[in-house]
Amino acid sequence: MTQTQGSVAELLKNHPFFEDFAEKYRESLLECGRPVSFKKGEEVFLTGEQANDFFLINKGRVAIQVPASGGNPISIQTVRPGSVLGWSWLIPPHIWRFDATALDDVEGVAMDGRCLRGKVEVDHELAYELLQRFTRVMADRLENTRIQLLDIYGRGNE
Amino acid sequence: MTIATKQNLESIVGAPRPAKILSVDRNTDDVWTLRLEGQGAFGPGQFNMLYVLGVGEVPISISGSPGKTDELLHTVRGVGGVTNAITSLKAGQSVGVRGPFGTSWPMAAAKGRDVVIVTGGIGLAPLRPAIYHIIENRADYGKVSLLYGARTPKEMLYADEFDSWRETGDIEVLTTVDAAIGAWDGDVGVVTTLIPRASADISDAVAMICGPEVMTRFTVAGLAERNQSKDNIYVSLERNMKCGTAHCGHCQLGPKFVCKDGPVFKFTDVAHWFEKREV
Ligand SMILES: Cc1cc2nc3c(=O)[nH]c(=O)nc-3n(C[C@H](O)[C@H](O)[C@H](O)COP(=O)(O)OP(=O)(O)OC[C@H]3O[C@@H](n4cnc5c(N)ncnc54)[C@H](O)[C@@H]3O)c2cc1C
Ligand code: FES
C-alpha cells in the first residue's frame, strides 16, 4: 500500500458516500482519512486481520473474496469506484471477515476506524449520519446477496 | 380459437422438416450450438420446434443472424430428455424443424433510440439475433448496452464474440458473474448491479430482457429505479410447449399463448402475470 498526494478533503468532497453530508461533519472527519493506493493484485486486507479502516474507492475495482484451499480465492463481489469497502471497523470484534484484493490500480481514501469510533462516541449526530449511510450500503449488499442466492440465471422452475 | 385434441394435432400443426446439421460447436460445459441448413427469413427472438425422432420436440430460439438465411443456428443447453438428445447430435445427422414461430424483439420500435439488453445465462441466445441485427444496421440505433450475467465465468455464452461486438459493433458489453474462482478479473455481482453503469440513456431506452422470470422481475425493478417507463420494456417468456401454433393450450398464460402472442411480449401486456404468485 502506498500513499498518494491527492488531498483527502478533495477526495471526500467528491465521493458519493458523502454526498449531502454536512460540511462540518466532513471537516471533522478529515483528520481520520489518508489517501491510499493499491497496485493491481495487491491485498487491501485479509480475513482475520484487525479491521482498523474502511475505504472510499475513487479509482479501480476491488474484489471481495473468500479464501479457498488450493490458493484460488472465490470472488463474491466487486466494489467499484464511488463505493465503500468494509464495515467490520464498525462492528466488534473489528476483524475482517473476507479478503479484499485490488483488481486494477486502485486509489481512494482509508478512513481510520479508531479515529472515527472516537468521534462518534462523543458526537451522536455524526454517528447517526454515518450509520444511515452505512446502513444503506449494507442493505444494498444484502439485497444483492439475496438475489445472488436465488440463482437468477437458473433453469426455469427447477 | 379451436383447442386441438392429441389425435388431430399433427394434422393441424404439420410435420417437422428434416434439416441437416452442418456443424456442432461447444459453447460451455452443457451448451452447444448447432448450425443447420437455412430455413429462410426469421425475426430476432423467434423460435423453432426442434424434433429428435423417437425422443420428442422442444421449442428452441434461433440464435444466428437474421441477415444470414443460408444457415440456421440454435444454441441449446442440455437439461433433459430432448435437449440432451439434441446436444448429442453430430454434423451430418438431421434434426426435425418446425417454424419459425412467435413474435420478435421490437427492432423497428427501437429505431432511433438507445437500447439496453439485459440477460443472463442461456438467455443471451434468443437475443443474439437482435444484437447481430443492430450491428448490421448500426446507424439505425443510438447507444446500445448489453448487460449480461452468468453464474460463473465458464458459463458465459459467446464470450469470444464480446470484443468484436464492442469494437466493430460499437456495443457496450458489461458482464458480471455470481461467483468466480481464481483468475477472473471481471465483475462479480448480480446482473442488476450493471444497470446503473449502462451508458445507454435508460430513462428513454427500449429495454429487451430475457432470462428466468425471477431475473426479469428484479431487472424491471432495477430499470424502474432509473426512471425507465414500463411501456418501453419487452420481455421474453418461456412456457412448456407442444404445438407452437396456438392450438394445444400448453403454453397458455391467461388469455395469451406464449407460442403465438409471445415469446416476446411488451412488459405491460404481461405485467399482471408477473405479479401473480402462481401462474
Ligand atoms: C420460446 C422458447 C424458447 C426457448 N429457447 C431455448 C434456447 O434457445 N436454448 C435452450 O437451451 N432452451 C430453450 N428453451 C427451453 C427448452 O425448450 C427447454 O429446456 C426444453 O423444453 C426442455 O426439454 P427437455 O425434454 O430437454 O427437458 P425436460 O425433461 O422437459 O426437463 C428437464 C429439466 O429441465 C427443466 N426445464 C424444463 N423446461 C425448461 C425451460 N424452459 N428452461 C429451463 N429449464 C427447463 C425442467 O424443470 C427439468 O428439471 C426455450 C423455451 C421456450 C418456451
Ligand atoms: S404450444 Fe400449443 S398453444 Fe402454444
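Naming: A, B, ... by sequence-line order, numbering from 1 per chain.
No other option in A:Ile74, A:Val79, A:Asp140 has as many heavy-atom pairs under 4.5 Å with chain B as A:Ile74. Per-residue heavy-atom pair counts under 4.5 Å with chain B were compared for A:Ile76, A:Asp104, A:Leu103, A:Ile147, and the maximum is reached by A:Ile147. When each of B:Gly211, B:Gly149, B:Gly189, B:Gly186 is checked for heavy-atom pairs under 4.5 Å with chain A, B:Gly149 comes out on top. When the candidates A:Gln65, A:Arg61, A:Gln77, A:Arg80 are compared by the number of heavy-atom contacts under 4.5 Å with chain B, A:Arg80 comes out ahead. Contact tally against chain A (heavy-atom pairs below 4.5 Å) for B:Thr192, B:Ile122, B:Val191, B:Thr193: the top residue is B:Val191. Chosen from B:Ala180, B:Gly120, B:Gly121, the residue pairing most often with chain A at heavy-atom distances under 4.5 Å is B:Ala180. Highest contact tally toward chain B, considering only A:Asn144, A:Thr145, A:Thr101, is held by A:Asn144 [criterion: heavy-atom pairs under 4.5 Å].
If you check the gamma sulfurs of A:Cys115 and A:Cys32, they are less than 2.5 Å from each other.
For B:Thr216, no part lies near chain A; criterion is any non-hydrogen pair under 4.5 Å. With a 4.5 angstrom heavy-atom cutoff, A:Arg141 does not touch chain B via any of its atoms.
Taking 4.0 Å as the cut-off between side-chain N and carboxylate O, A:Arg26 and A:Glu23 count as a salt-bridged pair. By the 4.0 Å N-to-carboxylate-O rule, B:Lys256 lies too far from B:Asp269 to be salt-bridged with it. Salt bridge absent: A:Glu121 and A:Arg117 never bring a charged side-chain N and a carboxylate O closer than 4.0 Å.
A side-chain contact (heavy atoms from CB on, under 4.5 Å) with B:Ile60 is found for one member of B:Leu34, B:Val76, B:Val82 and no other, namely B:Val76.
Note: B:Trp165 and B:Phe162 have tilted aromatic rings, judged against thresholds of 30 and 60 degrees for the angle between ring planes.
By the salt bridge (Lys or Arg N to Asp or Glu O under 4.0 Å) test, A:Glu19 pairs with no residue at all, sequence neighbours left out.
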